[in-house]
Amino acid sequence: MAVVSVEGLSRRYGRHRGVEDVSFEVQDHEIVGLLGPNGSGKTTILRILTGYLQPGVGRVRVDGLDVVRDGRAARARIGYVPENAPLYGQMRVNEFLDFMGRLRGLQGPALRGAIAAACDRLALGPVAEAMIGRLSRGYRQRVAIAQALLHAPRLLVLDEPTNGLDPRQIIELRHLLRDLARDCSVLVTSHILAEMERVADRVAILLDGRLLTVHRIAREGRAAALRIRSGAEGAPAVAAALAALPPGVTAMEEPATGDVASWRLEVPEPEAALAALAAAGLASVEALPPASGLEELFLRLTAGKAVH
Ligand SMILES: Nc1ncnc2c1ncn2[C@@H]1O[C@H](COP(=O)(O)OP(=O)(O)OP(=O)(O)O)[C@@H](O)[C@H]1O
């Protein structure tokens, strides 16, 4: 059973569209990204999921529980890390976690155990006694995630979690989310495509409140892309080399620049493909960073639309 199931969800703000006819699922241990520019409907979906907003039309279930009919029980399955997580600056980290754990109904040894486990996972030990207001942004983010994990949720929801983080903190967060997905499912929003591509298993692309597609990020093996360039005189040699490539390779001719023709190859085994191309006497072969196809897909789907 899907941990999140959104079916035909629409929500208006007066005459203004928030989201329209959105459907997607998040499976167990899956990281799903909601990707879209500002105003595309990401926060609206998260608010409905977490019970802050009523859906207009459609059904949203968490762990099989309807977020309207079984709102309380559904919310108990979710850990929520809002954007710019509002934390209590005057509280110490351990006091805050104690307070949040009690709000979640934990007490006694179960509460202490949950706090210790969350602090351990988020490496909060060194700042447990520190005032939240004095922490760096990266540490505050970790405290916000720790409070969301206290009740061992089935689903962790994070709204724009990388906002304001530096590159090192962003990398740490990515590793952390992958680690957390061993225990729960993760739904994360971002308007930054490269981030989603690195962390998510699937990405739901939203624009103007509509879901354009859900894209699976390919991470299998050591797949890579190569580019071959050749002038007109070399074209027959390239054609012969492409015909002799190992199975599993796909080749696509790209728009030529001047007299230079260019092919993009998706190859499952880069070394084998490079060896075959070298044996065919092709010198101008360039290795490209592996692509999941998300960027091209996003550009194609949003072509002609103003995306900021
Ligand atoms: N309270 C509100 N009243 C009126 N319109 C709203 C309200 N909240 C959101 N909207 C509109 O609904 C649409 C979707 O907004 P939403 O905040 O869900 O998008 P978003 O993708 O989360 O954007 P952001 O990244 O800026 O938070 C936008 O056009 C927005 O202007």
Side-chain angles (χ1 to χ4, degrees), residues 4-26 30-62 67-68 71 74-75 78-87 137 140-141 144-145 148 155-166 169-170 173-174 177 185-215 217 294-295 297-308:
V4 177
S5 155
V6 175
E7 284 170 44
L9 177 66
S10 297
R11 174 65 157 89
R12 302 191 72 81
Y13 296 97
R15 291 173 53 205
H16 202 86
R17 183 197 306 145
V19 290
E20 191 167 295
D21 199 19
V22 168
S23 302
F24 67 93
E25 289 188 338
V26 182
E30 195 180 29
I31 302 181
V32 170
L34 292 180
L35 173 71
N38 292 339
S40 55
K42 306 179 297 290
T43 307
T44 301
I45 294 172
L46 294 198
R47 288 205 183 119
I48 292 170
L49 198 63
T50 50
Y52 289 92
L53 200 65
Q54 293 276 320
V57 179
R59 252 186 116 180
V60 178
R61 278 172 293 179
V62 176
V67 296
V68 178
R75 280 196 294 282
I78 301 175
Y80 186 30
V81 185
E83 189 175 358
N84 302 320
L87 301 171
R137 206 168 166 114
R140 263 183 298 187
Q141 170 80 270
I145 297 175
L155 173 72
L156 183 64
V157 176
L158 304 100
D159 195 3
E160 300 276 356
T162 54
N163 265 2
L165 297 187
D166 67 31
Q169 292 164 339
I170 291 175
L173 179 71
R174 194 187 307 147
L177 293 186
S185 303
V186 177
L187 184 63
V188 53
T189 70
S190 178
H191 58 277
I192 303 172
L193 190 140
E195 257 169 37
M196 289 278 112
E197 192 159 39
R198 289 211 174 97
V199 76
D201 299 306
R202 288 188 303 138
V203 176
I205 301 178
L206 292 157
L207 190 68
D208 294 338
R210 293 202 173 96
L211 179 64
L212 301 183
T213 191
V214 182
H215 177 72
I217 305 287
L294 180 61
E295 192 168 272
L297 180 69
F298 185 79
L299 290 175
R300 189 152 51 76
L301 290 173
T302 58
K305 312 238 172 69
V307 176
H308 344 273

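Both counts, for ligands and for their atoms, begin at 1 and track the order of listing. FYI, the numbering just counts along the sequence from 1.
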**Prompt:** Is the closest basic N to carboxylate O distance between R59 and E7 below 4.0 Å?
**Reply:** no

**Message:** If the test is side chain to side chain contact (heavy atoms under 4.5 Å, CB included), which one of V68, T50, I48 qualifies with V60?
**Reply:** I48

**Close side-chain approach of F24 to L187, heavy-atom, < 4.5 Å** = yes

**Request:** Could you tell me whether the side chain of K42 reaches within less than 4.5 Å of the side chain of E160, counting heavy atoms only?
**Result:** yes

**Prompt:** Tell me, which residues have any heavy atom less than 4.0 Å from some atom of ligand 1?
**Reply:** Y13, H16, R17, G18, P37, N38, G39, S40, G41, K42, T43, T44, E160

**Partner set under side chain to side chain contact (heavy atoms under 4.5 Å, CB included) for P161, not counting sequence neighbours** = Q141, L158, L173, V188

**Request:** Could you give me the CA-CA distance, side-chain angles and deciding distance for L53 and Y13, then say whether side chain to side chain contact (heavy atoms under 4.5 Å, CB included) is met?
**Result:** CA-CA 11 Å; L53 200 65; Y13 296 97; 3.5 Å; yes

